Trainee: 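Starting off with a structure, shown below.
A, B, ... follow the sequence lines: proteins, then strands. Residue 1 opens every chain. Given the structure is predicted, the values throughout are model-derived calculations rather than measurements. Both backbone and side-chain heavy atoms feed into the values below; hydrogens, waters and symmetry mates do not.
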There are 2 protein chains.
Amino acid sequence: MSSATLKKYYEGAEKILVAIDCIIFGFDKETLKLLLFKRKIAPFAGEWSLIGSFVQSGESVPEAAQRVLEESTGLNNVYLEEMGSYSDLQRDPGSRVISIAHYALIRLDEHKQQLVETHQARWFPYDDLPDLILDHQEMTQNALAKLRRKARYQPIGFELLPEKFTLPQLQLLYQAIYQKKLDRRNFRKKILSMKILEKLDEKDKTNSRKGAFLYRFDEKKYQELERKGMNFEL
Amino acid sequence: MSSATLKKYYEGAEKILVAIDCIIFGFDKETLKLLLFKRKIAPFAGEWSLIGSFVQSGESVPEAAQRVLEESTGLNNVYLEEMGSYSDLQRDPGSRVISIAHYALIRLDEHKQQLVETHQARWFPYDDLPDLILDHQEMTQNALAKLRRKARYQPIGFELLPEKFTLPQLQLLYQAIYQKKLDRRNFRKKILSMKILEKLDEKDKTNSRKGAFLYRFDEKKYQELERKGMNFEL
DNA sequence: CCAAAAGTGTTATCGCTACACCCATGA
DNA sequence: TCATGGGTGTAGCGATAACACTTTTGG
């Protein structure tokens with residue numbers, strides 16, 4: 001094939017605007033929350049929106065997503081996963097844009113509150129979201145569905161908790177994700193039987209007089225067990 | 001915001017070539033196979049490749065994927081799912097292209113053999129693939145991983161079998177997907193206990209003198225049971 | 001009648017569920 | 001001392017895994 005034909009092949013195709021959008025999950029006491037932003041540009045300026053950005057010519061899709069997350073939360077080592085593309089021709093009245101949605105799990109206590117204010121952002125309980133622009137509502141629903149499926153078989157819940165957490169906290173998190181109550185004894189038995197938590201000597205007394213022991217997720221031990229065929233399931 | 005600013009916002013961003021690629025799975029007797037194509041254009045003309053295409057300005061991503069599948073197999077009602085984006089800056093030496101990979105499950109007996117020949121395509125056993133161009137090797141690995149995870153909890157295996165199939169066939173399929181032997185009695189017990197298969201009066205005698213009863217997947221019954229909270233697991 | 005694949009039941013074990021009481025502590 | 005949340009054990013049940021023999025029939 002001549003280089004003229006090659007040129008024609010690639011140049012004959014049409015370039016398209018590509019964006020990424022981020023569904024940012026946080027967990028607060030007993031509630032799953034989303035970080036939403038007041039959109040600054042038309043159309044729909046002033047309305048609530050996921051945070052997003054166009055993919056620049058010098059960056060890959062994951063790089064764009066990480067950039068956006070860092071700009072909006074100040075965090076750069078967060079759990080971030082691609083969720084799927086949204087490409088309806090009419091999805092954005094401003095222009096034809098293909099968006100690749102991502103969801104992120106962040107620790108509410110670690111993100112920079114100041115950046116949230118700078119961006120006119122707000123944390124909303126998942127069950128009480130405002131109307132969102134474009135197809136962002138659909139994206140959030142798909143994100144929660146994906147989070148639910150994934151959390152059952154992979155230890156990603158810990159990404160939403162502080163580094164040190166109590167078992168009651170962990171249980172509340174899973175109850176929020178699954179939207180159902182779990183039995184305390186059975187929950188403890190199961191999670192502890194996996195031997196992927198390190199029990200610390202400290203107690204957290206913010207929620208009770210007795211205090212609850214703090215634990216830490218042991219990533220190394222988990223990966224070791226996973227290699228040996230153990231599989232996480234909650 | 002003025003419309004001049006709006007214009008700048010959308011026009012300030014850079015458009016990018018967007019493609020889709022398809023990992024096409026088939027199942028033949030006891031082997032999982034992939035449909036691969038001899039690439040017709042430079043760079044890498046003549047080498048083996050997944051089938052793909054640029055996303056046109058008048059179509060969405062799923063539409064592009066369906067178009068490509070129909071062009072290459074003649075089938076238009078196949079199981080097709082998006083798998084993720086591939087966007088490394090250097091992934092395609094011909095140009096900067098973001099590709100959104102999809103995997104498809106098709107019935108080997110239904111696709112148009114003639115189209116396969118037209119496209120200089122060939123079915124390869126998954127365990128014996130030729131070298132593939134670009135990042136297509138990585139895509140196929142990710143596709144199999146995804147198929148494995150998904151097949152365990154959703155009845156998608158049937159998409160790879162003829163409409164009527166025998167239990168030994170179904171078992172061979174799952175053995176090929178999981179790459180491990182399953183116990184015949186336990187396998188039957190489990191799949192039959194779900195009550196999502198309709199037993200027919202016909203037998204398939206191609207593999208034995210005695211013949212094996214044919215079954216059909218009952219989509220309606222499955223959806224009904226799923227609504228009631230039953231969950232498929234194999 | 002025999003080779004080759006299809007079909008069938010039982011038992012032991014494991015994991016899950018359901019469930020109620022004691023413990024530690026600060027106010 | 002008491003109210004509050006944290007922590008623990010067990011028994012019954014259902015699901016899974018392991019395992020071997022009989023049936024059918026074309027050649």
Trainee: Calculate the interatomic distance between Tyr215(B) atom OH and dA6(C) atom P; express it in whole Å.
Mentor: 12 Å
Trainee: Side chain of Asn186(B) only, please: which of dG9(C), dT24(D), dT25(C) is the nearest?
Mentor: dG9(C)
Trainee: Once you round it to whole Å, what is the distance between C1' of dT4(D) and CG of Asn207(A)?
Mentor: 11 Å
Trainee: Test for a donor-acceptor pair under 3.5 Å between the base of dA20(C) and the side chain of Arg185(A), counting only N and O atoms.
Mentor: yes
Trainee: What's the closest nucleotide to the side chain of Phe213(B) if the choices are dG27(D), dG7(C), dG7(D)?
Mentor: dG7(C)
Trainee: Quick one: which residue pairs count as a side-chain hydrogen bond (donor to acceptor under 3.5 Å, both in side chains) with a foot in residues 223-234 of chain A, not counting sequence neighbours?
Mentor: Glu219(A)-Gln223(A), Tyr222(A)-Glu226(A)
Trainee: How many whole angstroms separate atom CG of Leu170(A) from atom P of dG6(D)?
Mentor: 13 Å
Trainee: Taking the nucleotide of DNA chain C with the nearest heavy atom to each, does Asp183(B) or Thr166(B) sit closer to the 5' end?
Mentor: Thr166(B)
Trainee: Figure out the CG/C1' separation between Asp204(B) and dA5(C), and round it to whole Å.
Mentor: 12 Å
Trainee: Between Lys205(A) (NZ) and dA24(C) (C1'), how many Å, whole number?
Mentor: 8 Å
Trainee: Is a donor-acceptor contact shorter than 3.5 angstrom present between the side chain of Lys210(B) and the base of dA6(C)?
Mentor: yes
Trainee: Please list residues of residues 187-202 of chain A whose heavy atoms come under 4.0 Å from any atom in DNA chain C, ordered by number; otherwise none.
Mentor: Lys189(A), Lys190(A)
Trainee: Are the side chains of Ile156(B) and Glu81(B) in touch, meaning some heavy atoms are under 4.5 Å apart?
Mentor: no
Trainee: Just the rounded figure in Å: distance from P of dT8(C) to CD of Gln171(B).
Mentor: 14 Å
Trainee: Nearest to the side chain of Arg184(B), heavy atoms from C-beta on, is which of dG7(D), dG7(C), dG27(D)?
Mentor: dG7(C)
Trainee: Please check if any side-chain donor atom of Gln179(A) sits under 3.5 Å from a side-chain acceptor atom of Arg148(A), or the reverse.
Mentor: yes
Trainee: With no hydrogens and no angle check, just 3.5 Å: does a side-chain donor-acceptor pair link Glu70(B) and Gln66(B)?
Mentor: no
Trainee: From CD of Glu233(B) over to C1' of dG14(D), roughly how many Å is that when rounded to an integer?
Mentor: 14 Å
Trainee: Indicate yes or no: at least one non-hydrogen side-chain atom of Leu147(B) is less than 4.5 angstrom from one of Leu105(B).
Mentor: yes
Trainee: Could you state the atom-to-atom distance from CZ of Arg209(A) to P of dT1(D) in whole Å?
Mentor: 17 Å
Trainee: So how far is it from Ile51(A) CD1 to Leu35(A) CG, rounded to the nearest 0.5 Å?
Mentor: 8.0 Å
Trainee: Do Phe158(B) and Phe165(B) have ring centres separated by under 6.0 Å?
Mentor: yes
